[in-house]
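Reminder, nothing fancy here: chain letters follow the sequence lines and each chain counts from 1. Since this is a predicted model, take the numbers as computed values, not measurements.
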2 protein chains.
Amino acid sequence: MKFNFDNERPIYIQLVEQLRIGILTSEFGIGEKIPSVRDLAMLAKVNPNTMQKALAELEEEKLIYTERTNGKFVTKDVKLINNIRDNLAKEKAYEFFSNMKKIGMDENKTIDYLRELIK
Amino acid sequence: MKFNFDNERPIYIQLVEQLRIGILTSEFGIGEKIPSVRDLAMLAKVNPNTMQKALAELEEEKLIYTERTNGKFVTKDVKLINNIRDNLAKEKAYEFFSNMKKIGMDENKTIDYLRELIK
DNA sequence: TTCATTGTATTACTTGCATAATACAATAAT
DNA sequence: ATTATTGTATTATGCAAGTAATACAATGAA
């Protein structure tokens with residue numbers, strides 16, 4: 001796992017995003033144990049408290065669960081993972097459409113624009 | 001001009017974005033005088049300083065210019081406006097592709113996905 | 001000349017974030 | 001039993017960003 005941060009937004013938010021992606025892309029496999037809070041903190045070069053805060057959010061959305069004194073694990077709920085991935089995709093897509101609409105492109109124009117862009 | 005804010009990001013940043021859109025979509029016409037700092041602040045229900053900060057950013061990117069003691073005006077540089085609109089579109093598009101790539105969709109899959117989404 | 005309106009500058013307050021330093025609790029491993 | 005490792009909680013501190021309150025400066029209008 002490789003972490004990268006910008007200075008625009010809180011570190012812990014970016015940690016949540018990147019860890020979430022790690023799960024959605026199976027970098028952290030289903031049901032697998034993830035590294036300890038302290039280890040992840042070292043890896044990301046952040047304070048353990050900051051990492052803890054990020055992991056708490058992921059736990060709230062059920063992507064990970066805790067076995068006290070044993071560690072944290074990726075959920076075994078494949079459906080949940082797929083749902084979250086799908087929702088994320090939809091959210092990004094609608095957000096993108098909305099952005100483009102604001103500068104005068106409707107959905108079809110936007111799609112045409114993308115086609116052209118990758119040529 | 002109608003302003004809307006979320007609690008995620010600084011107000012002044014959102015002001016910049018929304019004012020910029022207002023110019024790109026000709027809600028504020030080319031060369032036109034825009035309302036005074038205080039009036040805009042009242043309109044958006046923010047502190048004049050917050051509005052001032054937003055306007056300063058727009059001035060830095062040359063979308064507006066100031067006639068001291070007279071007011072602020074939208075640039076008369078049509079090319080600049082078009083450039084900024086084009087860059088904004090490109091930026092949003094690449095950002096979107098990047099987001100989708102992270103969850104496993106390449107450019108072509110992404111475009112197919114959008115086609116399906118608007119059906 | 002006086003006043004109202006414009007943009008601008010200064011200063012201060014508040015809050016959120018990140019970090020730090022510890023401490024506690026539970027349990028698996030030795 | 002002891003130790004090491006796990007997650008969790010608490011408290012404090014520093015810092016930067018955002019916002020607010022106020023005052024200043026310039027100029028056109030009355």
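Tested against Gln18(A) for a side chain to side chain contact (heavy atoms under 4.5 Å, CB included), the candidates Met1(A), Lys2(A), Glu27(A) yield a single pass: Met1(A).
The minimum heavy-atom distance between Val74(A) and Gly29(A), with the atom names listed, is CB-O, 3.4 Å. The two residues Tyr113(B) and Ala93(A) make their nearest non-hydrogen contact at CE2-CB, 4.0 Å.
Atom CD1 of Ile103(B) is separated from atom CD1 of Ile84(A) by 12.0 Å, given to the nearest 0.5 angstrom. Note that CD1 of Ile81(A) and CZ of Arg85(A) are 7.5 Å apart. Values are rounded to the nearest 0.5 Å. One finds the OG1 atom of Thr66(A) at 10.5 Å from the CG atom of Leu58(A) (value rounded to the nearest 0.5 Å).
Atom C1' of nucleotide dT6(D) and atom CE of Met42(A) are separated by 15 Å, given to the nearest angstrom. Nucleotide dC17(C) holds its C1' atom 13 Å from the CD atom of Glu57(A), rounded to whole Å. When rounded to the nearest whole Å, the span between CG of Asn47(A) and C1' of dA12(D) equals 13 Å.
Every residue meeting the side chain to side chain donor-acceptor pair (under 3.5 Å) condition with Glu61(B), not counting sequence neighbours, appears here in chain and number order: Arg20(B).
For residues 40-49 of chain A, no pair satisfies side-chain hydrogen bond (donor to acceptor under 3.5 Å, both in side chains), with sequence neighbours left out. Here ring-ring contact (aromatic ring centres under 6.0 Å, His included) pairs that include residues 71-106 of chain A, with residues two or more places apart or in two chains, are Tyr65(A)-Phe73(A), Phe96(A)-Phe96(B).
Salt bridge absent: Glu17(A) and Lys102(B) never bring a charged side-chain N and a carboxylate O closer than 4.0 Å.
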Reading 5' to 3' through nucleotides 5-13 of chain C, protein heavy-atom contacts under 4.0 Å coded B for base, S for sugar-phosphate only, - for none: -BBBBB---
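From one end of the helix from dT1(C)-dA30(D) to dT30(C)-dA1(D) to the other, with five pairs defining each end axis, the axis direction shifts by 0° (rounded to 10°).
Proximity of residues 7-23 of chain A to DNA chain C (heavy atom under 4.0 angstrom from any strand atom) is restricted to Pro10(A), Ile11(A), Tyr12(A).
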